[in-house]
Amino acid sequence: MPRRTVSAADFRKENQRRNGMITKLECQIGSETLVFETGKMAKQANGAVFATYGGSAVIATACCSSTPTEGLDFVPLTVEYSEKYYAAGKIPGGFIKRETRPKDREILVSRIIDRPMRPLFHKEFGREIQVVPTCISADQINPPDIIAANAASAAVHISDIPFDGPIGCVRVALVDGQYLVNPTYEQIERAKLEIVVAGTSVGITMVEGGSHEASEEEMIQAIETAKEPISRICATIEELRRLTGKEKLPMAPLMVELNRKEEIRAMAHELLSKALFTKVKQERAKAVAQAIAEVKEAFSDALTDDTQMKLFSSLMDELQYEILRTSILEKGLRVDGRGLEDIRPISCEVGVLPRTHGSALFTRGETQVLAVTTLGTVFDEQIFDDIEGDRRERFMLHYNFPPFSVGEVGRLGTGRREIGHGDLARRSIEPMLPPKEKFPYTIRVVAEVLESNGSSSMATVCSSSMSLMHAGVPVSKPVAGIAMGLITDESRYAVLSDILGDEDHLGDMDFKVAGTRDGITGFQMDIKISSVSTEILRKALEQARRGRLHILSIMEKTISAPQSEISPYAPQVISARIDPEKIGLVIGPAGKNIKALSEKYDVQINIEEDGSLTVYGKNQKSAYDARDAILAMVEEPEVGRIYTGTVKRIMDFGAFVEIMPGREGLCHISRLAKGHVDKVTDILKEGDTIQVKLMEIDHLGRLNLAAVDSLDENGESAPRPQRPPRSDHGDSHRSDGRRDMRPPRRDSGRDR
């Protein structure tokens with residue numbers, strides 16, 4: 001086995017690593033200092049970097065397998081970002097008190113790290129690569145995702161894994177007219193535009209974010225703002241590699257040539273040049289497969305083993321790539337015969353499902369998405385328990401991509417792709433949703449991809465926007481999305497509108513833009529080449545704007561504004577406001593009162609700390625009745641008002657009547673009727689309902705009532721009947737006509 005020679009510099013670096021020599025570099029980015037440190041933690045990994053920014057910190061490691069696999073046609077890279085609860089001084093909620101499967105947020109951050117780094121690895125390296133950035137400190141001020149991306153880049157770059165990096169990553173936000181680099185959580189909340197930008201020292205390679213109808217020029221300016229700090233980060237990582245980097249491991253390319261390569265190329269080029277321009281996707285796939293099969297059969301004697309078959313497959317891919325790109329650049333002709341800016345035929349339909357709250361079917365060429373909206377209550381909100389703190393989301397968009405959508409057999413499930421595409425669509429639509437105060441519903445949209453041939457995520461934006469309007473959600477404006485592509489060579493470029501799946505695969509850029517007629521709301525760009533000029537970016541954004549307006553004009557012919565009424569199958573929501581100091585009265589001891597109201601009226605009741613009351617009922621009557629009952633509980637009794645009360649107790653001198661929950665008053669026997677009443681029970685019994693008027697509230701807060709039947713035509717107490725003295729009872733009478741109820745005076749016998 002040949003011995004590996006090590007230079008003196010590499011020997012010195014290895015000694016430093018083993019002896020615990022710590023190297024620390026820093027650079028100022030935004031309002032904080034980004035610090036990279038290596039040589040202290042995780043020293044058995046191929047590369048490890050501890051990065052801090054403010055009070056947030058991430059440890060990132062990079063490892064690769066020990067042996068290569070020759071002839072791989074992909075990069076076996078996995079990025080596993082994770083956030084530890086202890087980073088924010090928390091213990092996980094729920095029954096299981098340890099971190100388990102990745103949360104959606106962790107998957108989204110993993111994708112942000114993966115996408116700009118993946119094109120910089122080599123297929124010929126042939127080894128599995130695993131990058132693990134872990135957030136181990138969170139200050140609740142500076143988001144750790146940007147730190148993780150930079151730490152991951154640094155860990156790979158100083159390792160022995162071949163990598164054409166490094167990359168740098170920053171977040172840019174437009175806040176109060178100013179572009180801020182790496183804004184805080186509080187600044188992000190106030191931002192009109194917020195994007196994550198990654199790139200090399202040469203140029204930008206990835207952009208992702210959203211905005212509240214930002215203009216194309218604002219988007220370009222935000223990207224331009226990111227270039228200088230990204231260059232500084234890359235320079236710092238390069239210096240870290242110079243000081244501590246390892247010698248890169250060798251590649252594992254196939255060392256043999258394809259037999260009869262030129263003959264195979266000539267025949268395949270002719271056949272594929274015809275097959276690749278079949279307009280329908282499934283027919284095109286069959287034509288291409290048949291052409292390749294003919295070539296394989298013709299040269300079967302040359303394709304003698306697995307290695308030759310791998311080389312043959314690789315040549316077929318290269319030829320398809322070459323033929324399609326040349327056609328676009330030289331003829332302006334695309335796979336399906338369209339011009340560069342042509343958009344495939346679009347059809348829209350709403351109300352396709354009879355019992356759902358809202359539904360829409362959007363079809364663009366061979367891409368079709370069914371979006372279904374469901375309206376729920378505050379109790380249906382998504383609860384998140386993460387290191388940023390407990391929070392609730394009232395809008396959810398779930399994207400499903402089943403294998404039948406591309407005519408294949410496969411497992412059903414939710415992978416990283418589904419989570420990423422769903423988040424892009426959610427981010428694009430959310431700025432147009434009404435505030436909770438105006439529309440107190442929880443909203444869930446499910447996008448079912450039924451067919452796919454290019455940008456199902458942007459079709460999801462279109463169908464979801466229409467589904468929301470069909471459900472009666474008062475969105476500000478409809479939102480549409482379009483996917484753009486780019487083909488370049490040394491001197492030419494072509495920007496493609498509404499790209500197909502094949503064009504996505506062979507192109508140099510995948511560029512998705514969603515928005516309204518007035519601006520951009522969602523944005524995602526992945527670049528496979530070293531960089532894209534501002535000129536190309538500006539052209540692509542303007543071409544995307546024209547395409548977006550075209551799509552919106554077709555959508556608006558089907559539905560242009562939200563329906564005035566929500567579905568009768570949706571829960572009815574009634575809102576009100578009560579005095580916050582009386583929330584406890586409504587809830588009652590251990591929730592007794594609110595539970596009783598919920599059961600009585602068959603509703604769900606939610607009361608916020610500020611006194612905001614929301615009642616959710618299956619129908620309007622039950623919701624309104626429950627609301628009125630709650631308001632009656634908290635209102636103050638009003639003298640002169642007539643109430644419908646319930647008799648709670650009967651005494652000899654009158655009846656106690658409950659006129660509102662928890663408030664009783666006395667209706668004296670003399671005020672039960674206009675005539676004389678011998679006994680209260682002659683007129684009332686406990687549980688009876690009676691209309692009474694509140695006559696007064698005395699200085700002790702007691703309520704004095706009068707039955708409506710006892711009042712005169714002016715609503716006042718009728719004159720009480722006078723009874724003459726009756727000597728046979730020996731009763732004494734006062735001069736005002738009222739009986740003297742004092743006991744008779746007894747003779748003491750002293751005067752005898």
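Owing to the predicted nature of the structure, the values given are computational and were not obtained by experimental measurement.
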Undergrad: Could you go through N453 and T367, starting from their C-alpha distance and side-chain angles, then the distance that decides it, and tell me whether this counts as side chain to side chain donor-acceptor pair (under 3.5 Å)?
TA: CA-CA 5 Å; N453 184 17; T367 296; 6.0 Å; no

Undergrad: My understanding is that only residues two or more places apart in sequence, or in another chain, count here; which of them pass side-chain contact (heavy atoms from CB on, under 4.5 Å) with E106?
TA: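 Scan of E106 (side-chain contact (heavy atoms from CB on, under 4.5 Å), adjacent residues dropped) gives Y81, S82, E83, P102, K103.
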
Undergrad: Closer than 3.5 angstrom, by distance alone: can the side chain of Y53 be matched with the main-chain N or O of I29 as a donor-acceptor pair?
TA: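 Yes, Y53 side chain to I29 backbone: donor-acceptor pair under 3.5 Å.
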
Undergrad: May I ask you to check if R417 and F401 form a cation-pi contact, with NZ or CZ under 6.0 angstrom from the six-membered ring centre and within 45° of the axis?
TA: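 Yes, a cation-pi geometry holds between R417 and F401.
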
Undergrad: Where does the angle between the aromatic ring planes of F121 and F163 fall among parallel (under 30°), tilted (30 to 60°) and perpendicular (over 60°)?
TA: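 Because their plane-to-plane angle lies in the 30° to 60° range, the rings of F121 and F163 count as tilted.
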
Undergrad: Could you measure the distance from the CG atom of D423 to the CG atom of L397? Nearest 0.5 Å is fine.
TA: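 So the gap between those two atoms works out to 9.5 Å.
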
Undergrad: Does atom NZ (K528) have a neighbourhood of more than 12 heavy atoms from anything else shown, all under 6.0 Å?
TA: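 Yes.
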
Undergrad: Is any side-chain heavy atom of V132 closer than 4.5 Å to one of V79?
TA: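 V79 does not reach V132 side chain to side chain.
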
Undergrad: Hey, mind stepping through Y179 and E218 against side chain to side chain donor-acceptor pair (under 3.5 Å) and telling me if it holds?
TA: CA-CA 10 Å; Y179 290 95; E218 287 174 326; 5.3 Å; no

Undergrad: Looking only at heavy atoms, what is the nearest atom pair of C462 and I551, with distance?
TA: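 Scanning both residues completely, I find the closest heavy atoms to be SG-CG2, 3.9 Å.
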
Undergrad: In terms of relative ring orientation, are H421 and Y399 parallel, tilted or perpendicular, with 30° and 60° separating the classes?
TA: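 Taking Y399 first and then H421, their aromatic rings sit tilted (interplane angle of 30° to 60°).
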
Undergrad: Taking side chain as C-beta onward, heavy atoms only, is L240 less than 4.5 Å from V49?
TA: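 Yes. Closest side-chain heavy atoms under 4.5 Å.
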
Undergrad: Is the number of heavy atoms from other residues, nucleotides or ligands within 6.0 Å of CZ (R98) greater than 12?
TA: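 No.
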
Undergrad: Applying salt bridge (charged side-chain N to carboxylate O under 4.0 Å, His left out) to R241 and E239, what does each step give before you reach the verdict?
TA: CA-CA 5 Å; R241 167 155 180 77; E239 177 64 12; over 6 Å; no

Undergrad: When you compare the side chain of R394 with that of Q382, does any pair of heavy atoms fall below 4.5 Å?
TA: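 Heavy-atom side-chain distance check fails, nothing below 4.5 Å.
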
Undergrad: Got a sec, which residues hit side-chain contact (heavy atoms from CB on, under 4.5 Å) with P76, two or more places apart in sequence or on another chain?
TA: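 With neighbours one apart ignored, the set is L72, F74, E128.
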
Undergrad: Taking the side chain as every heavy atom from C-beta outward, state whether V207 and I223 have any atom pair closer than 4.5 Å.
TA: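 Yes, their side chains come closer than 4.5 Å.
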
Undergrad: Between S153 and I237, which heavy-atom pair has the shortest distance, and what is it?
TA: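 That would be OG-CD1, 3.8 Å.
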
